[in-house]
2 protein chains.
Amino acid sequence: MQLSNTSQYAIRTLTYMATHKEVQMNATQLSRVLDIPYKFLTKIMTDLVKVDLVESIRGREGGYLLKKQSREIALRDILTVFHDGIEQEQCILGIGVCSSLCKCALHDQWVAPKQQIQQMFEQTTLADIAGQGCKI
Amino acid sequence: MQLSNTSQYAIRTLTYMATHKEVQMNATQLSRVLDIPYKFLTKIMTDLVKVDLVESIRGREGGYLLKKQSREIALRDILTVFHDGIEQEQCILGIGVCSSLCKCALHDQWVAPKQQIQQMFEQTTLADIAGQGCKI
DNA sequence: TATTAATTCTACCTTTCAGTAGTAATTAGT
DNA sequence: ACTAATTACTACTGAAAGGTAGAATTAATA
Ligand code: SF4
Ligand code: SF4
């Protein structure tokens, strides 16, 4: 019950970029600052470029930039890229597809926490968390 | 962001046993009813026996029984067996160990949902969910 | 144009999770 | 004692996640 490494790395990287949006960062710098393996980070960033959350500038003096306002990027947008969100149809007990017609045993206990997490991922944007906390 | 297959299977199996606690079930029956691969199920059950959540009766006419009252078995107890709970020290962004002295950027948004899930797993027992829902 | 620094692509390796196979150990019934 | 039915143990296979390597592509600058 936790986020995948990939999602964690993606959130941390985009959050860091949001707190320094004036500066254009490249993969080497991000990898060093955030302590994420360089090759893994570039793979993740390429995925984020493909879904238009990040703009890449290739070649010398290249790097990455957020393609939207940090206020426009919600955590959920990042998680869906890596299929790591909590989807509405997803059954917590893994019994096929969720339908409120036929619930699983945990349904009644799960709906409230589920909704709260979903809302949190939906409503929290990079602008909300950029610069917060002391861990990077 | 979901429970592992193993945890899901374990919860479903123990819940089913709790709803039929008068009857002693064996692995073959459980495997058929719950549609869980037989060999995988016995492996999981063996783990649950080792931590004293389940009692096994070996040999002919053998099977499994809950070793405690279903009211005494919380979901958290099951999840911890497979290291699938949400631990207090676990950082949602994976930045080392959680300490409220040095937070991660998501801290403020995460604490509330985190606590609600933890409470749900802690307070929900097999007795609460046994027989609920129409999926097994 | 050549060099250099950057991203991107393809392919691979490693570890963990999920699942399977075979056999040994245990026990009730005959 | 023997057999049949059952769990436990050991070891393996397959798939997915996590991570790595190297070459290809792009573009600024000298
Ligand atoms: S918990 Fe209830 S709502 Fe969530 S998936 Fe299972 S059945 Fe559907
Ligand atoms: S979110 Fe806050 S509390 Fe949870 S781990 Fe990160 S820092 Fe610690």
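Quick note on labels: first sequence line is chain A, next is B, and so on, each numbered from 1.
- The side chain to side chain donor-acceptor pair (under 3.5 Å) search around B/E89 returns none, not counting sequence neighbours.
- If one axis is set at each end of the helix from C/dT1-D/dA30 to C/dT30-D/dA1 from five pairs, those axes are 10° apart, to 10°.
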Can you check each nucleotide of nucleotides 22-30 of chain D against protein heavy atoms at under 4.0 Å and return B for base, S for sugar-phosphate only, - for none, in 5' to 3' order?
B--BBBB--
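- Atom CD1 of A/I44 and atom P of C/dT8 are 13 Å apart (whole Å).
- Between the CG atom of A/L65 and the P atom of C/dT7 there is a distance of 11 Å, given to the nearest Å.
- Grouped by direct or indirect side-chain proximity (heavy atoms under 4.5 Å, Ile/Leu/Val/Met/Phe/Trp/Tyr only), A/L65 sits with A/I57.
- A heavy-atom distance below 4.0 Å to DNA chain C is reached by none of the residues of residues 74-94 of chain A.
- Only B/N26, B/A27, listed by number, bring a heavy atom of residues 9-28 of chain B to less than 4.0 angstrom from any atom of DNA chain D.
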Side chain to side chain contact (heavy atoms under 4.5 Å, CB included) evaluation trace for B/T125 with B/D77:
CA-CA 9 Å; B/T125 70; B/D77 302 329; over 6 Å; no
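- If you measure from atom CE of B/M45 to atom P of D/dC9, you get 14 Å, rounded to the nearest angstrom.
- The CG-C1' distance, from A/L30 to C/dA6, rounds to 13 Å in whole Å.
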Donor-acceptor pairs under 3.5 angstrom involving side-chain atoms of residues 17-27 of chain A: please list them, not counting sequence neighbours.
{"unit_1": "A/T19", "atom_1": "OG1", "unit_2": "A/Y16", "atom_2": "O", "d": "2.9"}
{"unit_1": "A/H20", "atom_1": "ND1", "unit_2": "A/Y16", "atom_2": "O", "d": "3.1"}
{"unit_1": "A/K21", "atom_1": "NZ", "unit_2": "A/S70", "atom_2": "OG", "d": "3.2"}
{"unit_1": "A/Q24", "atom_1": "NE2", "unit_2": "A/E61", "atom_2": "O", "d": "3.0"}
{"unit_1": "A/Q24", "atom_1": "NE2", "unit_2": "A/G62", "atom_2": "O", "d": "2.9"}
{"unit_1": "A/N26", "atom_1": "OD1", "unit_2": "A/T28", "atom_2": "N", "d": "3.1"}
{"unit_1": "A/N26", "atom_1": "OD1", "unit_2": "A/Q29", "atom_2": "N", "d": "2.9"}

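- Look at CD on A/Q8: it is 15 Å from C1' on D/dG19, rounded to the nearest Å.
- Atom-to-atom, CD of A/E55 to P of C/dT7 comes out at 13 Å; the value is rounded to the nearest Å.
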Show me the donor-acceptor pairs, under 3.5 Å and distance only, between side chains in residues 33-56 of chain A and residues at least two apart or in other chains.
{"unit_1": "A/T42", "atom_1": "OG1", "unit_2": "A/K39", "atom_2": "O", "d": "2.9"}
{"unit_1": "A/T46", "atom_1": "OG1", "unit_2": "A/T42", "atom_2": "O", "d": "2.8"}
{"unit_1": "A/D52", "atom_1": "OD1", "unit_2": "A/K67", "atom_2": "NZ", "d": "3.1"}

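- Within the 4.5 Å cutoff, side-chain heavy atoms of B/D128 are placed close to those of A/Q109.
- Rounding to whole angstrom units, NZ of residue A/K50 and P of C/dT8 are separated by 9 Å.
- Contact annotation for A/Y38: base contact, defined as any heavy-atom pair under 4.0 Å involving a base atom.
- Rounded to whole Å, atom P of C/dT20 lies 12 Å from atom CD1 of B/I36.
- Side chains of A/E87 and A/T80 form a contact here, defined as non-hydrogen atoms less than 4.5 Å apart.
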Evaluate the side chain to side chain contact (heavy atoms under 4.5 Å, CB included) criterion for residues A/L75 and A/I129: first the C-alpha distance (whole Å), next the side-chain angles of each, then the deciding distance (0.1 Å), finally the verdict.
CA-CA 10 Å; A/L75 295 186; A/I129 62 179; 4.0 Å; yes
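- Candidate nucleotides D/dC9, C/dT8, D/dT20 were compared by shortest atom distance to the side chain of B/T46, and D/dC9 ranks first.
- A/I92 and B/Q8 get closest at one heavy-atom pair: O-NE2, 3.1 Å.
- Listed by first and then second residue, the salt bridge (charged side-chain N to carboxylate O under 4.0 Å, His left out) pairs involving residues 103-120 of chain B are B/K103-B/D108 (not counting sequence neighbours).
- Residues passing the side chain to side chain contact (heavy atoms under 4.5 Å, CB included) test with A/Q115 are A/Q119, sequence neighbours excluded.
- Cysteines B/C104 and B/C91 keep their SG atoms at least 2.5 Å away from one another.
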Given the rule in the side chain to side chain contact (heavy atoms under 4.5 Å, CB included) test, do A/Q132 and B/L106 qualify, once you have shown the distances and angles that lead to the verdict?
CA-CA 7 Å; A/Q132 298 302 119; B/L106 242 190; over 6 Å; no
Under the side chain to side chain contact (heavy atoms under 4.5 Å, CB included) criterion, do B/Q118 and B/Q88 qualify, and how do the steps go?
CA-CA 9 Å; B/Q118 283 179 318; B/Q88 204 56 41; 3.0 Å; yes
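- Proximity of A/R12 to B/I95: side-chain heavy atoms (C-beta onward) are separated by under 4.5 Å at one or more points.
- Listed by chain and number, the residues in a side chain to side chain donor-acceptor pair (under 3.5 Å) with A/Q90 are B/Q2 (sequence neighbours excluded).
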What does the list of N/O pairs under 3.5 Å between the protein and nucleotides 12-17 of chain C look like, with a distance for each?
none

